[in-house]
Number of protein chains: 2
Amino acid sequence: MLKQSPVFERKAPSSYHHGNLQEALLNAGLELLERRGCAELALREVAREVGVSPAAVYRHYTSKEALLTAMAIEGFKRLTAVQIEPVSNAVVTPVRFADMGRAYVRFAVRNPALFRLMFSDQIDSSRDAALMFAIEPLTANIEDAVARLAGPRFSSAMRRKAALRAWSLVHGLSMLLIDGQLRIAHSEVDRMIEAVVDPNHALAI
Amino acid sequence: MLKQSPVFERKAPSSYHHGNLQEALLNAGLELLERRGCAELALREVAREVGVSPAAVYRHYTSKEALLTAMAIEGFKRLTAVQIEPVSNAVVTPVRFADMGRAYVRFAVRNPALFRLMFSDQIDSSRDAALMFAIEPLTANIEDAVARLAGPRFSSAMRRKAALRAWSLVHGLSMLLIDGQLRIAHSEVDRMIEAVVDPNHALAI
DNA sequence: TCATTGATGCGTACATTGTTCACATGTTCC
DNA sequence: GGAACATGTGAACAATGTACGCATCAATGA
């Protein structure tokens, strides 16, 4: 019998074993997350989506929180990827540094529920080593970019401060945007990101 | 018979009616929120805390979301109060403007669960008029302070941009701090707030 | 004074959720 | 082919949000 391809999330009706349930649950969870929102995501519904009993989930994740954690880890991987892209294999200029921030905000706006989950209290970053490991590059990339942009004239304390300012700015803008606090049209979101995340203040100290 | 004072949250054992259940539920909810966290707050537990049946809650709030919304509104009132304090009855200086931001972040750090609820997707600000009304001063205060600080040399577009930058910065720092993303000791939180929210960049445009 | 009425609380019930446990079904390897 | 193991199922449990009809109380007005 042919091995089931991972792209099919639903098992064939007659097959008892799924084939790649762990990954299927993760993908179904990520998809359902954006449809239902962060608060209404039900473990049972994820199982239903994949076509499997609720208890089967526990063979691959020890709890609902564990599944959410895996989803958040995937989110951090994706965010890290889009974040670092503007400065990979390139000199860090103020414009490219701002591009990093804009990519961060765009990721949040395009994946609001996932972004919210990643920074929610439903997952405990100090508890799960893999999660902590996935978060770490996010900070490291910012600090590294600051270092490459500022050069040796910045002390390590100045770098950390500039990085934290930059992170706070883009993170706050992301949150306010996906909360709908800023009453702006969808079409204006990009312009607002351009305006707020500005190369002129890249290294404000 | 004496009317029950609102300060007593639990009804006297023999009395059928509570006296001020609406406010008691709100207070109990706010207290439980910080103990249990934003995700684990149960309507039934709030009712238990007040000494009343779960169904009684529905005489005063149409749903759990309605209670959470009321709690969030109270949160916005308190946040607005501490936020505006540094510039009420005083000329707006860069230092006082920064103090506004610091008060914002301190509120978040001292009431992490409430702050998270206020900006969560569990309440829909575009749905509830009272909630929208409670949020509005938060933005207005920042923009007003920017206007008083910058004077007439700032266009209205520049004011909005500066206000949004300032809000994003303090909001992002607040979120990162209560998420525990910044691995810093409790004792260093205040120093970090001082460093990041800095009068020198009050009006960065 | 006392029945009426509206507001407010209760008990019960239901569907849904996260989780557990014993059991069923495949797969792998000797 | 059978033993050992991984992986899925079904039934069950407690807890949750919510709806319903009924109980209790306070105020009102004849």
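To find a chain, count down the sequence lines: A is the first, B the second, and so on, and within it residues start at 1. What you see below is based on every heavy atom in this structure, not just the backbone, and it leaves out hydrogens, waters and symmetry mates.
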### Query
Between C:dT19 atom P and A:Leu43 atom CG, what is the distance in whole Å?
7 Å
#### Entry: Non-neighbouring partners of B:Thr139 that pass side chain to side chain contact (heavy atoms under 4.5 Å, CB included), sequence neighbours left out
B:Glu143, B:Trp167
#### Entry: With sequence neighbours excluded, residues passing salt bridge (charged side-chain N to carboxylate O under 4.0 Å, His left out) with A:Arg148
A:Asp144
### Summary
The complete set of side chain to side chain donor-acceptor pair (under 3.5 Å) pairs with one or both residues in residues 127-137 of chain B, sequence neighbours excluded, reads none
### Task
Assess the pair A:Phe97 and A:His201: is the distance between their ring centroids shorter than 6.0 Å?
no
### Query
Given C:dT19, C:dT17, C:dG9, which nucleotide is nearest the side-chain atoms of A:Pro54?
C:dT19
### Task
Go through residues 55-63 of chain A and report each residue with a non-hydrogen atom lying under 4.0 Å from DNA chain C, sorted by number.
A:Ala55, A:Tyr58, A:Arg59, A:Ser63
## Note on the structure
Here the distance between atom P of D:dA19 and atom NZ of B:Lys64, to the nearest Å, is 14 Å
## Note on the structure
Rounded to whole Å, CZ of B:Arg48 lies from P of C:dG9 at a distance of 18 Å
## Note on the structure
Closest to the 5' end of DNA chain D, once A:Leu21 and A:Arg44 are matched to their nearest nucleotides, is A:Leu21
### Message
Let's see if you get this right: which residues in residues 117-129 of chain A place a heavy atom under 4.0 Å from DNA chain C?
### Response
none
## Note on the structure
Sorted by chain and number, sequence neighbours left out, salt bridge (charged side-chain N to carboxylate O under 4.0 Å, His left out) with A:Glu194 holds for A:Arg102
### Message
Does anything in residues 60-75 of chain B form a side chain to side chain donor-acceptor pair (under 3.5 Å)? List the pairs, not counting sequence neighbours.
### Response
B:Glu74-B:Arg78
### Query
Among all residues two or more places apart in sequence or in another chain, which pass the side-chain hydrogen bond (donor to acceptor under 3.5 Å, both in side chains) test with B:Ser126?
B:Asp124
## Note on the structure
Rounded to whole Å, CG of A:Asn20 lies from C1' of D:dA6 at a distance of 14 Å
#### Entry: side chain to side chain contact (heavy atoms under 4.5 Å, CB included) partners for A:Leu41, two or more places apart
A:Leu32, A:Leu33, A:Val46, A:Leu68, A:Met71
